[in-house]
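Working notes, structure below.
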Amino acid sequence: MAPGGGLRRAGCCLLRWLGFRLCRRGTLVFALLWFASWLFLNGLVFVHRTILSDYCTDNKSRSILHRLCDEYRQGSLTGDMCEDLCVNALVEYKRCLYYENGKKVMEARWRDVTVILKSKLENFSSYEALGILDYQDPSEELSPLDVVFYATLEVRNSLGLGQEDVEEEQGEEVGEAQGGRNVSLAKLWGHRLKHREKPYSRAELASLWALLQQEEYTFLRVLQDLSVHVAKVIGSCGHFYAVEFLTAGHAWDQNIFSLDEVSVPGPGWRGQAPWLGGPPAGGWSSRDMVHRIALSFLDMVWHFEHDFTHRLHLCDIKPENFAIRKDLTVVAIDVDMAFFQPKMMDILDQNCTSDDDCNFFDCVSRCDLQRNRCSRRRSNTNLQVICDKIFRSWFSPTLLGVKAGLPLQVELQRAVQDCSDSYRGEEEEDEEEGKRRGEDTHKRLFNILTRLLDGGGASR
């Protein structure tokens, strides 16, 4: 064999080997580029479907309100806000605040007052119609008593109340409830509707039914005459309802609420919370205001625990779900996760293998490992969660600085710590014992905060 032939064969083998390596590397690069392109395109689709499709835009918001007014002019819906919105131009759209899965929240000005417009679903047609209207002669109208019956059923279902809750207090009047006594909330709604003498039109019934299918509207509307601690519903048009505008808290703000926006009134002031007292001649300091807001939180907790037929549980406690009025009254502005005791028990009643399976946001219970079933009784309380998620940061030594070592401040820090940790490690506790311990903790915090205010705030 000629030497040159061997070299040629070796060269060919080398070229084939290099070609194979280059081809394999090119294939790998191509596959990586194709996979990256696939990820990029799918990412665009995901962003479009989950973010851009639900993105707040002024054009989309105005289109929704325009469609609402078209349906009002057609006689399909109505409300005490519709005329100003659709005819008198007294409602001015400002901006979209939130839009996800159809839920729409907008800021507007109604007769020069800032309000928040809300609806759980974007379109009026998305709500279930009142079934009885389909079988009723259009020339006939439901009597107020019929409306009371159907509305009460819907309110009871929405709030998780049973028939016995209405029957318990058949002898109580609304005036007694407003005076501070326990009240059947569904019965109160019935009293409100019965004040109407003339029959309801189909547009009124359809609008009422769409509103009643929104748990937050029902909750706020029923409670607003019974509590200063919930946002006020001030009007509606079709399925949209307007609530008072209040600036929500923020976790990044050391005081949670923007105290600069609070209008401190003069010495002769009488606010909605007289137990807070009026400001001194020189006004309140920021720490005084924090202490008064903390007292308002305590008042809200006591109110929700004792002043209704059933205890009211707040399962999503965070600064963004609360606001303050100008008199420093704390207001719950997002109550999508607020439940009365019967509904709370149903939510907690589920299968489990550990205590972690029994956590429903801020409302927790314990797992019975013998039955593999969560306890229907909540283990923690509204006060414990507020102490842990709000008071603890407010009264921390880091925030107070050199004043953290003052006797009353140390006492307050210990009380907040004890309150935050009070439910941990309690395997089984008698319900009455737990209630008594909670009331003692509430009283302890109230007394310390009151002494701080009486003694000049953080100077002691």
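Any value given below was found using the heavy atoms of this structure, including those in side chains, with hydrogens, waters and symmetry copies removed.
Ring geometry for F308 against F340 counts as perpendicular: the plane angle is over 60°, on a 0 to 90° scale with 30° as the lower cut. Ring geometry for H229 versus F304: interplanar angle over 60°, hence perpendicular rather than tilted (30 to 60°).
Of the listed residues (Q213, E215, Q214), just one forms a side chain to side chain donor-acceptor pair (under 3.5 Å) with K120, and that residue is E215. The one candidate from R378, K343, R376 that meets the salt bridge (charged side-chain N to carboxylate O under 4.0 Å, His left out) condition with D349 is R376.
Ion pairing between a basic and an acidic side chain is recognised when a charged N comes within 4.0 Å of a carboxylate O; D440 and R436 show such pairing. By the 4.0 Å N-to-carboxylate-O rule, K435 lies too far from E305 to be salt-bridged with it.
Remark: side-chain polar atoms of E154 are not paired, donor with acceptor, to backbone N or O of W209 under 3.5 angstrom. The backbone N or O of V301 lies less than 3.5 Å from no partner atom in the side chain of N382, so there is not a single donor-acceptor pair. Looking only at distances, a side-chain donor or acceptor of S365 sits under 3.5 Å from a matching main-chain atom of S375.
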Apply the test side chain to side chain donor-acceptor pair (under 3.5 Å) to residues S125 and N123: give CA-CA distance (whole Å), side-chain angles for both, the deciding distance (0.1 Å), then the verdict.
CA-CA 5 Å; S125 58; N123 299 312; 5.1 Å; no
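By the 6.0 Å and 45° rule, K104 stacks over the aromatic ring of Y99.
The closest side-chain donor-acceptor pair between S119 and Y127 falls under 3.5 angstrom.
Under the 6.0 Å cut-off for aromatic ring centres, H313 and F339 do not qualify, their centroids lying 6.0 Å or more apart.
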